[in-house]
Amino acid sequence: MWLRRILRPAKVQPTQALDRRTARQRRFRLSDRAIRQLERLRLTASRDLRGQRAGQRASRRTQSSADFVQHRTYVPGDDVRYVDWKASARQEHIFVKQGELPKDAAVHLLLDCSASMAWGEPPKRLGQIALAAALGYMALAGGDRLWIYPFGSGANNSLGPISGKSRIPELLNYLRSLNFGSVADMGNALSSFKAQRPNGGLTFVLSDLLAIKDLGDFLSLFPPPAWDMVVLHMLHSQELRPEALGDVRMVDSETSAIGNFNVDAKALEAYSTRLDSWMDKVSLQCVQSKAFYTLVEADSSLEDDILPHLRTRGLVQSA
């Protein structure tokens, strides 16, 4: 509550301004430059994740193969084509070559569609949509299966499973159609998501985390190795580095609660202290739950800032 109230002056947004923001979302597309970057990247996932079918990811599962990874002792019924005769000739046992059995991964994107994500200029939701499009593109291009679960009161339906690069236009059209509004019950959303997808997977939570009191309680529902959880904390630069505004009347973008504040240098110092404390708490909750946490500035450039940041943090890697 404190974060939203301090940062949202109670200005009535003209209908035309809201229409322009919605139109920008509806016209969203990945730039040619972004696509060139994404073609060279793939999502990083734990080798311990379950796969339901053959794919392009390395796994810990092995099979008899001419592509050598390791040996094991021959047992009756093994295909003699994969016997390593040279290695067997020097030993007392017959050895069979084993190779990796490539797998796919279940990739889930949990998107915060609450009213707070529509705040800012440009609004945080545009950065979230761009990031979701990039993550979804890499999943589909990498042979993974993709699901998207929006949470909030915008009556959005989920998407998936979809797989294959031919489904990328469907992904982009879905993201363009998302509705943002009111309060998101992230706790119930995560519990419902867990009930629908009990087998786990690589899961990204894209949210400003303003709709949840204790992230750790809910992340504990998704333990590794079945779950590879990534929390992408999306905040606007104006939230991270606000300017002094003087005496202002502010409104909570989700609850419409109103308050009067004097946003001077002293108030900003107190705000900065509480913001740092809150982010440290969220980060610690992720560490304790064995989830990955990183801050993403929602109004930064996908090509120049966000994708390089994800690569630096090891969330994506060269294809």
Side-chain angles (χ1 to χ4, degrees), residues 1-25 27-28 111-134 152 154 178 180-184 186 205-212 215 231-283 293-310:
M1 180 68 72
W2 57 271
L3 182 60
R4 285 170 277 173
R5 283 179 173 171
I6 287 182
L7 291 172
R8 288 151 177 76
K11 297 179 181 179
V12 177
Q13 295 288 350
T15 302
Q16 291 182 347
L18 293 175
D19 289 343
R20 285 195 297 270
R21 289 184 177 185
T22 302
R24 288 169 65 186
Q25 177 182 330
R27 293 194 304 269
F28 169 77
L111 306 184
D112 182 351
C113 292
S114 61
S116 65
M117 292 301 294
W119 181 86
E121 188 53 49
K124 288 184 286 185
R125 67 179 181 182
L126 292 183
Q128 181 197 53
I129 288 171
L131 179 51
L178 289 174
F180 292 76
S182 192
V183 180
M186 189 172 176
V205 180
L206 283 67
S207 173
D208 56 16
L209 302 181
L210 298 177
I212 190 166
L215 181 62
V231 177
L232 300 176
H233 194 181
M234 307 201 69
L235 294 178
H236 201 284
S237 61
Q238 296 167 0
E239 292 175 306
L240 296 168
R241 298 175 294 276
E243 299 178 356
L245 299 173
D247 293 323
V248 293
R249 189 183 188 206
M250 296 192 174
V251 61
D252 188 298
S253 61
E254 295 188 1
T255 66
S256 299
I258 296 175
N260 297 312
F261 299 91
N262 177 23
V263 185
D264 56 12
K266 184 177 180 180
L268 290 181
E269 183 179 355
Y271 167 80
S272 180
T273 300
R274 297 186 69 180
L275 175 63
D276 290 341
S277 176
W278 175 56
M279 291 173 60
D280 288 343
K281 177 183 177 182
V282 169
S283 178
Y293 168 88
T294 191
L295 174 68
V296 177
E297 289 199 25
D299 53 323
S300 57
S301 166
L302 176 68
E303 301 91 332
D304 296 328
D305 302 307
I306 296 179
L307 289 178
H309 173 69
L310 297 183

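For this chain, numbers begin at 1 and follow the sequence in order.
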Shortest non-hydrogen separation from Pro123 to Ala118 and the atoms involved: CB-O, 3.4 Å

For the student: nearest non-hydrogen atoms of Pro308 and Glu303, plus distance: CD-O, 3.4 Å

Starting at CD1 of Ile129, measure out to SG of Cys113 and round the result to the nearest 0.5 Å. 8.0 Å

Partner of Leu235 under side-chain contact (heavy atoms from CB on, under 4.5 Å), picked from Val296, Leu240, Asp299, is Leu240

If we only count heavy atoms from C-beta on, is the Tyr271 to Val263 side-chain gap below 4.5 Å? no

Got Leu232 and Val205 here, is their nearest side-chain heavy-atom distance under 4.5 Å? no

List the atom of Asp305, the atom of Ser300, and the distance in Å for their closest heavy-atom pair. OD2-CB, 3.6 Å

For the residue pair Phe28 and Ala133, what are the closest heavy atoms and their distance? CE2-CB, 3.7 Å

Return the CG to CZ distance between Leu126 and Phe180, rounded to the nearest 0.5 Å. 8.0 Å

Hey, which of His236, Arg241, His233 is the one that makes side chain to side chain donor-acceptor pair (under 3.5 Å) with Glu297? Arg241

Rounded to the nearest 0.5 Å, what separation is found between the CD atom of Gln25 and the CD atom of Gln128? 9.0 Å

Looking at side-chain heavy atoms only, is the closest gap between Asp112 and Leu210 below 4.5 Å? no

Nearest-0.5 Å distance that lies between atom CG in Leu131 and atom CD1 in Ile306: 5.5 Å

Could you tell me the separation between the CG atom of Asp208 and the OG atom of Ser114, rounded to the nearest 0.5 Å? 5.5 Å

So how far is it from Leu302 CG to Leu307 CG, rounded to the nearest 0.5 Å? 4.0 Å

